[in-house]
Amino acid sequence: MDEALVERVRAVVLDIPSGRVLAYGDVAELAGAPSPRLVGRILAEDGHDLPWHRVLRSDGSMATHLVHEQLELLRAEGVLADGERIDMRRYRWTEPLPEREEPQLGLWD
DNA sequence: CCGGTGACTACTA
DNA sequence: GTAGTAGCCACCG
C-alpha cells in the first residue's frame, strides 16, 4: 500500500467533527485517493484507532457487518438514523466551515 | 495473465 | 422508491 496515502486518509477521517459524517467518496477526494474502494480497504486495515464510524456510503447506508455498531456509535454523537440509514443531507460534513455557522439547528425537523 | 472480491458510486430503467 | 450495470483499484489464488 501507499503509506503516504494511508496517512492522508487517516488525517481526513480524524478531521471529521463529532456529530458529522462523510461518504467514502468524500474522503477519497479530500485525501487524493484514486477510488473510494481504497478508502474502505484502508479503514479496514488501519482504521481501528480512528473515528471510522463517521465514514459511510454516499446514500447513508453502511456495510452489513458494521451497521449495528456504527449506528450505535453515531447515535452516541447525536447522529440519528432513519431505520438503518443516515440522512446525509443533514449530517454530511461538506467543508471545514471556518466562518459560516449552522443556521438554527432545530428549525427544520 | 485472469477472474473474483470488497467498509464504493453514479447512471439508467 | 428499488434493481441492474459499469467503472473503480488493490489483493489474492
Side-chain angles (χ1 to χ4, degrees):
Chain A
M1 276 302 304
D2 183 339
E3 286 306 319
L5 174 58
V6 172
E7 285 312 308
R8 287 201 303 277
V9 168
R10 291 173 49 84
V12 168
V13 175
L14 280 171
D15 271 345
I16 307 174
S18 174
R20 307 305 293 273
V21 301
L22 281 184
Y24 293 94
D26 297 329
V27 176
E29 193 169 351
L30 291 170
S35 158
R37 287 213 182 265
L38 247 320
V39 175
R41 185 181 179 80
I42 289 170
L43 288 187
E45 294 180 359
D46 291 280
H48 46 291
D49 57 337
L50 297 174
W52 56 268
H53 55 282
R54 297 179 189 148
V55 183
L56 61 168
R57 294 187 184 137
S58 59
D59 67 352
S61 65
M62 45 209 106
T64 39
H65 62 288
L66 294 172
V67 52
H68 294 110
E69 181 182 5
Q70 190 158 14
L71 284 175
E72 185 176 353
L73 290 167
L74 288 172
R75 182 164 48 81
E77 300 183 347
V79 178
L80 304 182
D82 172 23
E84 297 202 330
R85 258 172 96 182
I86 299 300
D87 185 343
M88 293 299 279
R89 296 193 302 181
R90 182 154 146 170
Y91 296 110
R92 187 179 189 179
W93 184 56
T94 50
E95 53 181 303
L97 295 177
E99 42 218 289
R100 244 185 105 200
E101 300 302 322
E102 283 287 331
Q104 306 93 3
L105 257 28
L107 274 194
W108 24 335
D109 282 325

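To find a chain, count down the sequence lines: A is the first, B the second, and so on, and within it residues start at 1. Predicted, not measured: the structure shown is a model, and the values here were computed from it.
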Return the nearest nucleotide to the side chain of A/R41; candidates are B/dA10, C/dA10, C/dC11.
-> C/dC11
Sort out the partner of B/dA7 for me: Watson-Crick or G-U wobble, both distances under 3.5 Å, none otherwise.
-> none
Against the side chain of A/A44, the closest entry in C/dA10, B/dC8, B/dA7 is B/dA7
Could you check how far CG of A/D59 sits from P of B/dA7, rounded to whole Å?
-> 16 Å
Partner of A/D26 under salt bridge (charged side-chain N to carboxylate O under 4.0 Å, His left out), chosen from A/R92, A/R54, A/R57 = A/R92
Main-chain N/O of A/P17 paired with A/E77 side-chain donor or acceptor, under 3.5 Å = no
Test item: A/R20 side-chain N/O and A/Y91 main-chain N/O as donor-acceptor pair under 3.5 Å = yes
Does a salt bridge link A/R10 with A/D49, judged by any charged N lying under 4.0 Å from a carboxylate O?
-> yes
So which nucleotide from C/dT2, B/dC8, B/dA10 ends up closest to the side chain of A/Y24?
-> B/dC8
For C/dT2 and B/dA7, measure between their C1' atoms and round to the nearest Å.
-> 22 Å
The Watson-Crick or G-U wobble partner of C/dG1, with both key distances under 3.5 Å, is none
Is there a donor and acceptor pair, one atom on the side chain of A/R37 and one on the base of C/dC8, closer than 3.5 Å?
-> yes
Nearest-angstrom distance, P atom, B/dG3 to C/dA6 = 15 Å
Which part of the nucleic acid does A/L56 contact within heavy-atom distance under 4.0 Å: base, sugar-phosphate only, or nothing?
-> sugar-phosphate
